[in-house]
**Q** 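Submitted below is the structure of interest, expressed as structure tokens.
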Amino acid sequence: MSVGPKLWNDFFKGGRLACARLISAVENDPDALPEILDRILPAQKGGVRIGVTGPPGVGKSTVTAALARRAVRGGHAVGVLAVDPTSPFSGGAFLGDRVRMQELGGDDCVFIRSMASREGHGGLSPATPYAADVLDAFGLDRIFIETVGVGQAELDVLDCSDLVILVLQPGTGDIIQALKAGIIEAADIILVNKSDLQGTEALLDSLRFLMDIAPVRKGRSLPSVLDASALQDRGMDAAAAEVERLIEDCVGSGRYREKRRSRLEQEIRSAIQKELWAGFSTLTGAEEDIRAAAEKLLTDRGSPYAYIRRASARIRIELVEEGASRVDKE
Amino acid sequence: MSTKNRELWEKRYEGSGLRDADFTSLSGRPLQPLYAPEDLGEFDPDARLGYPGDYPFTRGVHPSMYRGKMWTMRQFAGMGTPDQTNARYRFLLDKGQTGLSVAFDNPTLYGRDSDHALAAGEVGKTGVAVDTLADMERLFTGIPLDRVSTSMTINAPAAWIFAMFLANAEKRGIGFGALRGTLQNDILKEYIAQKEWIFPPEPHLRLITDLMAFCAAEVPQWNTISISGYHIREAGSTAAQELAFTLADGFCYIEHALAAGLDIEDFAPRLSFFFNAHLDFFEEIAKLRAARRIWARAMRERYGAKNPRSWLCRFHVQTAGCSLTAQQPEINIVRTALEALAGVLGGCQSLHTNSMDEALALPSEKAVEIALRTQQIIAYESGAANVIDPLGGSYYIEKLTNDLEAEAERYFRKIDELGGVVKAIEQGFFQREITRSAYEYQMALSRKKKFHVGVNEFVNPGQALEIPLLEIDEAVERDQIAFLRRTKAERDNGAVRDGLNALKRAAAEGRNLMPPLLDCARRYATLGETSDALTEVFGEYREQPFY
Amino acid sequence: MAERRIKVIIAKPGLDGHDRGAKVVARALVEAGMEVVYLGLQQTPEAIVRAAVEEDADVIGLSILSGAHMSNFRRVRELMETAGLGDRLLTGGGIIPTKDQERLKEMGVAKVFGPGDDLMEIVEYIRLNARRASG
């Protein structure tokens, strides 16, 4: 499925359906991704991605909506990508974040899209960063990416966000889980939501203690610890102000640029790895071969390294001049 | 009984072939093929059963039950304009109905006027539209309110609808003390199942306790809440969930009223309940008996009520709407009859039987007459009303009653762990339980583990519908809006404004809201104006949905 | 090519709060591998179609038990056309008399379902009829 000129035209004229269809394209058609990014990346306008993560039930959607509202008031055009887990059994997904952001929905400066995590394991869909790119090119300059942080797996959101807000709530032992994942040190803001509940002070104390003993992060200050009640709309002005402050800092310190460079490197690296593997496996029938070898190793109780050494020894890599035809690797 | 005989029977039972079926109740409860004395174990009839009218009331709330007074035949009705509904009420009373039950349309249920933007297309469609006192006047024209008890099925704006009802009685010279009836007024089940709310829980609960206090003093014969399980069941819960969640709501209201300083003996005797009568005949009877026993024990032991009238779980029953089919609708008459019989054998105080066409539309005159006659046949022909609690002592029924009670107690503990009903609602506990049960039942139907005759079995494909259906004329909305505009033009708008301001002040200052609501009603303030005024003080509720 | 998941919006327009059917269907669709955006209660037709645009939904399913189906379906259908979603599937369920079902079909609403319709049939119908614009 390729993206036609009419769709591009509508998109660059600000057509919301065209934007939505482009996001669907990056979700459903990885083959079209290169051609899409070819046009999207140059059109990006410097949008900031703000990740909102945390355990289930802490009120991420409400927090996101409250921050988004304030961003709109501050004159920004806002996007929200709300990611929910795909069921590993059925492959389907309940996308239930949008419904918690009702008041945000009617504004023309806001674009909300739900996404299923699909084959992603880190809380995000592999297409999420590209969807954010589309929204950026569409003209949105504050893009919230909301996802469930499932303990070890918050890492995806760290990779694709310029800023990460970890939302916790008092009284449920979140802090231990977050500790294990290392997300606490990786976050830029730790927001204790539902601060009207019991246990808020205790949690804030624990967090501040953690900040006291945390190792220094290169080029970044420690995360700010805030408390608020998004539902009651308390403390959110301070949170929004802190977000803007950190954004300024992120751009000014060069971290914004560095993050993008790192992403591009990763994109190139992984694409080339895919190429290499694709070439290798078609040449040698690697998949079936490897399976047969593994089967035998299991029976013989052997180690795979002999096989690996033999296979690797047969690889010779040659780089040809740009423009010349490619010779099969052996 | 002899274990040797039992073993013999068990062998022969297993030896004979069994049908390929599930043998579970409608709620999915596994059932034994037989219940015998050994299944009851240590059964103390004095403690578990008692006599009718005596603690723990398992066998009935009155000493004489239907021998003393037949249950009230109270058909829920309402459609179109108040004039049309008034005509239906007089038709029903004429046909032998003994109490009125008012069904309101969606806009009214949500506290909105007929000309509200969201009301478009919904005025008068699922009940009667009531915007002001003028509509109340039309609704009850020619009906002796001091001789006919009136039940009003309304929740979020119950207090100000009730104020209009009172203002109407007042205008007709009927003293509040003579008024008998019930307000559903059960906001907790709205958050759980029916979803008709305006404000967050606390302000609604406060309105409920205000109304209780007011009625204790001024309208002593009025039942101030009908704590409902019907809707919870219709939303897809099991029998045990219906039982547990309803009674838990009841406990929450009790605790709220006590915290507000009311004396339990002042309001408890006026609480009533509303249960569903579903298809599984025996499970429903046991559920109703268990309800009486659980409530009596809680009221006496947990809340320390001393007056026996405070221990009573009096209830209205409605046959299950969700059991009706659009396919082969005439057979709904049979379903309703069986469900109604279960309600009667379960000892209800009043009963509504659904009409056969209710899966398709509001009931026609013919259909509602059959529904009423169904009750009359049960009452006067079947003999079911001759003997009190006729299934008491059945091993099956007593075991089932015990089991449902135990399951309810487990739910109560779970709800306590979550911090009580309001906290459990906020955490989506009830909603998730109900959605799960609803889904499991639907899947069971899909897999033909459970049956719905005419729908997934014994189907008549391509059958055309022959029943005359009730259609609500599009003119209803126009007429109702025109009437509303006239009423607003003819009233003293300055007085209305003053009344609403006084209401807002009382709301902000924590005073009992019934007197200012009554005042607003007298001045022909509209339902929507009153809701808006209170929303300014209390805020609006937005659901955080749970699955 | 990543497997295409059918995206469905389930919403209840107007003032009706009976969401048992909507929730059960939503869940069945998820179990059948679809991605379901559940919009919940008291939705205006405008909000529903707006969401359908942003979500690039293949299907809009309305649940209406209040009797207000004609006006709601009509409005949603109109808005879908204007927004460029004219080729998407508009379906739903609730209490909708046969006569009205015919009128809805003429309006461009697909088959609608009622109480007693088999859950699996509804899922299959949506799976087969969810349409997409191409290109």
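Here is how names work: the chains are called A, B, and so on, in the same order as the sequence lines, proteins then strands, and each is numbered from 1.
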**Q** Just by distance, do the side chain of B:Glu122 and the backbone of C:Leu15 share a donor-acceptor pair under 3.5 Å?
**A** yes

**Q** Which residue pairs pass the ring pair (Phe, Tyr, Trp, His ring centres under 6.0 Å) test with at least one member in residues 70-128 of chain C, sequence neighbours excluded?
**A** C:Phe113-C:Tyr125

**Q** So which residues of residues 104-117 of chain B are in contact with chain C at a heavy-atom cut-off of under 4.5 Å?
**A** B:Asn106, B:Pro107, B:Tyr110, B:Arg112

**Q** To the nearest 0.5 angstrom, please state how far the CD1 atom of C:Ile95 sits from the NZ atom of B:Lys125.
**A** 13.5 Å

**Q** Pick from B:Glu190, B:His231, B:Glu234: which one has the most heavy-atom pairs with chain C under 4.5 Å?
**A** B:Glu234

**Q** For B:Glu457, does the CD atom sit with more than 12 other heavy atoms under 6.0 Å from it, leaving out its own atoms?
**A** yes

**Q** What part of C:Ala26 gets within 4.5 angstrom of chain B, counting heavy atoms only: side chain, backbone, both, or neither?
**A** neither

**Q** Looking at every heavy atom in both C:Asp118 and B:Ser446, which two are closest together, and how far apart are they?
**A** OD1-OG, 2.7 Å

**Q** What residue, out of B:Gly121, B:Gly454, B:Gly236, B:Ala235, has the most heavy-atom pairs lying under 4.5 Å from chain C?
**A** B:Ala235

**Q** Search all heavy atoms of B:Ala193 against all heavy atoms of C:Asp19 and return the closest pair with its distance.
**A** O-OD1, 4.3 Å

**Q** Minimum heavy-atom separation for C:Gly14 to B:Leu118, with atom names?
**A** CA-CD2, 4.5 Å

**Q** Taking side chain as everything from C-beta outward and backbone as N, CA, C, O, which of these in B:Thr325 sits under 4.5 Å from a heavy atom of chain C? Side chain, backbone, both or neither.
**A** neither

**Q** Taking all heavy atoms of B:Lys195 and all of C:Leu41, pick out the closest pair and write down the distance.
**A** CB-CD1, 3.4 Å

**Q** Is it the backbone or the side chain of C:Leu65 that comes under 4.5 Å from a heavy atom of chain B, or both, or neither?
**A** backbone

**Q** Identify the two heavy atoms, one from C:Leu119 and one from B:Gln442, that lie closest to each other, and give their separation to 0.1 Å.
**A** CD2-CG, 3.3 Å

**Q** Check ring-ring contact (aromatic ring centres under 6.0 Å, His included) between B:Tyr191 and all other residues, then give those that pass, not counting sequence neighbours.
**A** B:Trp197, B:Tyr541

**Q** State which residue, out of C:Met120, C:Arg27, C:Glu31, fulfils the side-chain contact (heavy atoms from CB on, under 4.5 Å) condition with B:Met443.
**A** C:Met120

**Q** Decide if atom CD of B:Glu474 counts as having more than 12 heavy atoms of other residues, nucleotides or ligands within a radius under 6.0 Å.
**A** no

**Q** Excluding sequence neighbours, so at least two apart, what forms ring-ring contact (aromatic ring centres under 6.0 Å, His included) with B:Tyr439?
**A** none

**Q** Find the distance between CZ (C:Arg20) and SG (B:Cys322) and round it off to the nearest 0.5 Å.
**A** 5.0 Å

